[in-house]
Amino acid sequence: MCGRYSLAVSTSEIESWFKAELESGDFSPTWNAAPGQVLPVMVRRDRSWLRPMRWGFQVAVGSGSSFVINARTETVGSKSSFKHLANGFRCVIPSTGFYEWQKRGGEKIPYYIHFPDLPVYGMAGIYRPETLEQESSFLILTTEPKGIIRSIHDRMPLVLDREGVEEWLDGGMDVEVRLNLTEQARGFRAETYTVSNRVNRVGVNGPELVREERHEAVWTLFD
DNA sequence: CCAGACGTTGTT
DNA sequence: GTCTGG
DNA sequence: CCAGACGTTGTT
DNA sequence: GTCTGG
């Protein structure tokens, strides 16, 4: 699953990597992007835009509702809550790395995961457009973890390189077909290591959050 | 038409 | 609220 | 994702 | 246990 990530680059670097223009506002680099925050998200209209959106939204479930921050790639195209968004409101969330918590005994140990060959990348997402009642908000799609990441957690975000970003945003294909295409292995390295549990506190931020405590491995993401 | 499900984890 | 299944 | 709160009155 | 806030 993906519940925290870093976006440790300036707005202008995001604009240039994604060839997109910021619609409004400004963003500082962050090493602790968390659900509930407003973050830059790429959408495609006439051209590519970076739009401020809130991470997560309420989904009706049972008689009540739940705050959801992820959707499974396996089911996003068929679940009633997400199907319409997956077909019409796809987006890409800029990122420079993400965190996963490994359960070890009763402890949860945070790992930072990033890609040395892909220092900036996108995560596939869907979003709810702005309405009179509610601001725009997004979810991050999750998938089966690949390679070394399997030893940390059983889900991870759907990571997109430049080509993947185009495949996810472009064209008129059915969302199931599109996901199959987007999930094709492309083979780049993932570096993973444990970090300080200071990242647990959403109010804490700074480059020290991604400082390595214990190195685990550099491995191929897709094998 | 109505009834029932509808999201993610992780744990048992 | 909205979709699927019957 | 994690952290932290989680009830009611009435009074200041 | 469950909800809210970040």
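Relative to the side chain of Pro35(A), the nucleotides dC1(D), dC6(B), dT9(B) differ in distance, and dC1(D) lies closest. In this structure, the nucleotide among dT8(B), dT11(B), dC6(B) sitting nearest to the side chain of Thr142(A) is dT8(B). Side chain of Ala60(A), nearest nucleotide from dG7(B), dT4(E), dG1(C): dG1(C). Of the candidate nucleotides dT11(B), dC6(B), dC2(D), dC6(B) has the atom lying nearest to any side-chain atom of Lys79(A). Ranking dC1(D), dT11(B), dT9(B) by closeness to the Lys103(A) side chain, first place goes to dT11(B). With dG7(B), dC2(D), dT9(B) as the choices, the nucleotide that has an atom nearest any side-chain atom of Val59(A) turns out to be dG7(B). In the set dC2(D), dG7(B), dT9(B), dC2(D) carries the atom at the smallest distance from any side-chain atom of Asn200(A). Set against dC1(D), dG6(E), dC6(B), the side chain of Ile69(A) has dC1(D) as its closest nucleotide. In the set dT9(B), dG1(C), dG6(E), the nucleotide with an atom closest to the side chain of Val202(A) is dG6(E).
The aromatic rings of Trp55(A) and Tyr5(A) sit tilted, their planes meeting at an angle between 30° and 60°.
Going from the C1' atom of dC1(D) to that of dG10(B) covers 14 Å, rounded to whole Å. Nucleotides dC6(B) and dA5(D), compared at atom P, are 34 Å apart to the nearest Å. Comparing dT8(D) with dG5(E), their P atoms sit 16 Å apart, to the nearest whole Å. Straight-line distance between the P atoms of dT12(B) and dT2(E): roughly 16 Å, to the nearest whole Å. Between the C1' atoms of dT9(D) and dC2(B), the separation comes to 46 Å (whole Å).
A 4.5 Å side-chain heavy-atom check between Arg162(A) and Phe18(A) finds every atom pair outside the cut-off.
The distance between atom CZ of Phe67(A) and atom P of dG6(E), rounded to the nearest whole Å, is 11 Å. What separates CH2 of Trp55(A) from P of dG5(E) is a distance of 17 Å, to the nearest Å. If you take CD of Gln102(A) and P of dC2(D), they are 13 Å apart, rounded to a whole angstrom. Here the P atom of nucleotide dC6(B) and the NE2 atom of His84(A) are 17 Å apart, to the nearest Å. The interatomic distance linking Gln37(A) (CD) with dT4(E) (C1') rounds to 15 Å, in whole Å. Per the geometry, CD1 belonging to Ile126(A) stands 11 Å off P belonging to dG7(B), to the nearest Å. Rounded to whole Å, atom P of dT9(B) lies 12 Å from atom CG of Leu139(A). Rounded to an integer number of Å, the gap from CZ of Phe57(A) to C1' of dG6(E) is 18 Å.
Within the shown strands, dC1(B) is the pairing partner of dG6(C) under the Watson-Crick or G-U definition, both distances less than 3.5 Å. Across the strands present, dG7(B) finds no partner; the criterion is a Watson-Crick or G-U wobble pair with both atom distances under 3.5 angstrom.
In this structure, Arg47(A) forms a cation-pi arrangement with Trp49(A), its terminal cationic atom sitting closer than 6.0 Å to the ring centre and no more than 45° off the ring axis. At least one cation-pi condition fails for Arg4(A) and Trp31(A): the charged atom is not both under 6.0 angstrom from the six-membered ring centre and inside a 45 degree cone around its axis.
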Given salt bridge (Lys or Arg N to Asp or Glu O under 4.0 Å), test Arg44(A) with Glu166(A) step by step and report yes or no.
CA-CA 10 Å; Arg44(A) 174 91 23 104; Glu166(A) 292 310 307; 3.1 Å; yes
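Phosphate contact (OP1/OP2 of dT9(B), side-chain N/O of Arg72(A), threshold under 4.0 Å): present. The side chain of Arg155(A) contributes an N or O atom lying less than 4.0 Å from OP1 or OP2 of dT9(B). The phosphate of dC6(B) (OP1 or OP2) has no side-chain N or O of Lys83(A) nearer than 4.0 angstrom. Between dC1(D) and His153(A), no contact under 4.0 Å exists linking OP1 or OP2 to a side-chain N or O. A close approach under 4.0 Å does not occur between any side-chain nitrogen or oxygen of Ser66(A) and OP1 or OP2 of dT2(E). Residue Arg201(A) places none of its side-chain N or O atoms closer than 4.0 Å to OP1 or OP2 of dC1(D). The phosphate of dT8(B) (OP1 or OP2) has a side-chain N or O of Thr75(A) nearer than 4.0 angstrom.
Under 4.0 Å is where a charged nitrogen must lie from a carboxylate oxygen, and between Arg155(A) and Glu74(A) at least one such pair does.
Between Tyr121(A) and Phe115(A), the ring center distance clears the sub-6.0 Å criterion.
No contact: Asn32(A) has no heavy atom under 4.0 Å from any strand.
Two residues, Ser81(A) and Ser78(A), neighbour DNA chain C, and the one matched to the more 5' nucleotide by heavy-atom proximity is Ser81(A).
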